[in-house]
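For reference, the structure is listed below as structure tokens.
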Protein chains: 2
Amino acid sequence: MGIHAVFGALADPTRLAIVERLLRTGDLTAGEIAAPFEISKPAISRHLKVLEEAGVVERRVERQFRVFRARPEGFAQMEDWLEKSREFWNGSFDRLERILAQEERRDAKDE
Amino acid sequence: MGIHAVFGALADPTRLAIVERLLRTGDLTAGEIAAPFEISKPAISRHLKVLEEAGVVERRVERQFRVFRARPEGFAQMEDWLEKSREFWNGSFDRLERILAQEERRDAKDE
DNA sequence: TCTTTATTTAACAAAAACATGAAATAAAGT
DNA sequence: ACTTTATTTCATGTTTTTGTTAAATAAAGA
């Protein structure tokens with residue numbers, strides 16, 4: 001689904017709070033998730049769908065409940081992206097390319 | 001500004017691509033950033049503003065150009081959030097709370 | 001089977017996000 | 001001063017997101 005879907009899922013404060021609670025508390029039913037919020041249950045249901053589609057949480061049916069939990073794979077995607085990004089800060093990549101790109105631009109305009 | 005603003009900034013595919021390019025290439029002017037995209041310059045300008053407000057990039061004025069670069073502090077926020085989350089997967093926290101919460105729920109409904 | 005409990009889907013309104021073209025701003029070059 | 005180059009702000013339209021209430025679905029209990 002792509003990393004930007006994961007970011008999109010966590011961009012909403014309500015969804016972020018849901019995920020943080022699932023991380024702390026483990027499995028929770030849709031009803032339990034909805035309870036602390038002021039917004040309606042259908043609204044929460046939609047948020048859960050967005051989180052599920054992004055791969056951040058997973059849903060299973062247990063009796064008459066839908067039980068949700070945070071999903072490691074969704075977080076792994078983010079970890080990977082962040083690690084790839086971190087390489088650039090740490091300099092464990094070919095820095096030459098960056099420097100050349102900057103010089104090139106500067107030369108073109110400066111002379 | 002909050003972590004969900006960072007997620008929101010990276011949720012848009014255009015913005016994500018801009019950030020990834022800035023990480024690879026280093027400093028780029030607004031015009032250079034806009035060039036590879038099909039969308040208009042005003043649109044890119046807005047995206048850059050969103051990224052800046054989220055703390056993911058920083059802008060400086062250099063001659064007649066606005067030069068942008070990725071900003072480590074913005075990424076640090078995400079690293080922190082992700083590390084906090086990772087604790088729950090790794091189990092280096094008091095797991096008792098989670099188990100109790102689940103048992104409690106199960107007892108209440110199961111009997 | 002009728003009701004209750006749990007949750008989702010549907011229909012729709014309001015707000016936010018994203019795009020565009022035109023005009024404004026600002027520094028640099030002539 | 002006037003023009004060019006670089007970029008942003010403005011006014012505006014479209015699409016997406018987020019929320020609401022009402023109805024649909026589905027399993028469990030009486």
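Letters go in sequence order (proteins before strands), and every chain restarts at 1. It should be emphasised that the depicted structure is a prediction, and the values quoted were computed from it without experimental measurement.
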Whole-Å distance, B/R59 CZ to D/dT7 C1', equals 9 Å

*Side chain A/R66, main chain A/Q64, donor-acceptor under 3.5 Å*: yes

Ordered by number, residues from residues 45-55 of chain A within less than 4.0 Å of DNA chain C (heavy atoms) are A/S45, A/K49

- Task: Apply the test side chain to side chain contact (heavy atoms under 4.5 Å, CB included) to residues B/R86 and B/K84: give CA-CA distance (whole Å), side-chain angles for both, the deciding distance (0.1 Å), then the verdict.
- Result: CA-CA 5 Å; B/R86 194 161 31 215; B/K84 215 180 57 185; over 6 Å; no

Between CG of A/D27 and C1' of C/dA6 the distance, given in whole Å, is 17 Å

Does A/L16 form a side chain to side chain contact (heavy atoms under 4.5 Å, CB included) with B/W81? I'd like the steps, not just the answer. CA-CA 11 Å; A/L16 189 65; B/W81 186 86; 3.6 Å; yes

So OG1 of B/T14 and CD1 of B/I18: to nearest 0.5 Å the spacing works out to 6.5 Å

Exercise. Would you sort out whether A/E62 and A/D27 count as a side chain to side chain contact (heavy atoms under 4.5 Å, CB included), showing the intermediate values?
Key: CA-CA 11 Å; A/E62 199 174 283; A/D27 295 6; 5.7 Å; no

Between CD1 of A/I39 and P of D/dG19 the distance, given in whole Å, is 4 Å

When rounded to the nearest 0.5 Å, the distance separating CD of B/E20 from OG1 of B/T25 is 11.0 Å

Separation between CG (B/L22) and OG (A/S85), nearest 0.5 Å, reads 11.5 Å

Here the distance between atom C1' of D/dT7 and atom CD of B/E62, to the nearest Å, is 15 Å

To the nearest angstrom, the CZ-P distance between B/F65 and D/dT4 comes to 17 Å

When rounded to whole Å, the NZ to C1' distance for the pair B/K41 and D/dA6 reads 7 Å

Rounded to whole Å, CG of B/D12 lies from C1' of D/dT16 at a distance of 12 Å

**Request:** For B/E32 and B/F68, run side chain to side chain contact (heavy atoms under 4.5 Å, CB included): C-alpha distance rounded to whole Å, both residues' side-chain angles, the deciding distance at 0.1 Å, then the answer.
**Result:** CA-CA 10 Å; B/E32 288 170 323; B/F68 294 84; over 6 Å; no

In whole angstroms, the gap separating P of C/dA17 from CZ of B/F7 amounts to 17 Å

Compile the donor-acceptor pairs under 3.5 Å between side chains in residues 42-59 of chain A and protein atoms, sequence neighbours left out, one pair per line.
{"residue": "A/H47", "atom": "ND1", "partner": "A/R15", "partner atom": "NH1", "Å": "3.0"}
{"residue": "A/E52", "atom": "OE1", "partner": "A/R59", "partner atom": "NE", "Å": "3.1"}
{"residue": "A/E52", "atom": "OE1", "partner": "A/R59", "partner atom": "NH2", "Å": "2.8"}
{"residue": "A/E52", "atom": "OE2", "partner": "A/R59", "partner atom": "NE", "Å": "3.4"}

Letter by letter from the 5' end, nucleotides 21-28 of chain C scores (B base, S sugar-phosphate only, - none; protein heavy atoms under 4.0 Å) BB-----S

Per nearest nucleotide of DNA chain D, the residue lying toward the 5' end, A/E38 or B/F68, is B/F68

Side-chain atoms of A/T14 come closest, of D/dG19, C/dT8, C/dA19, to D/dG19

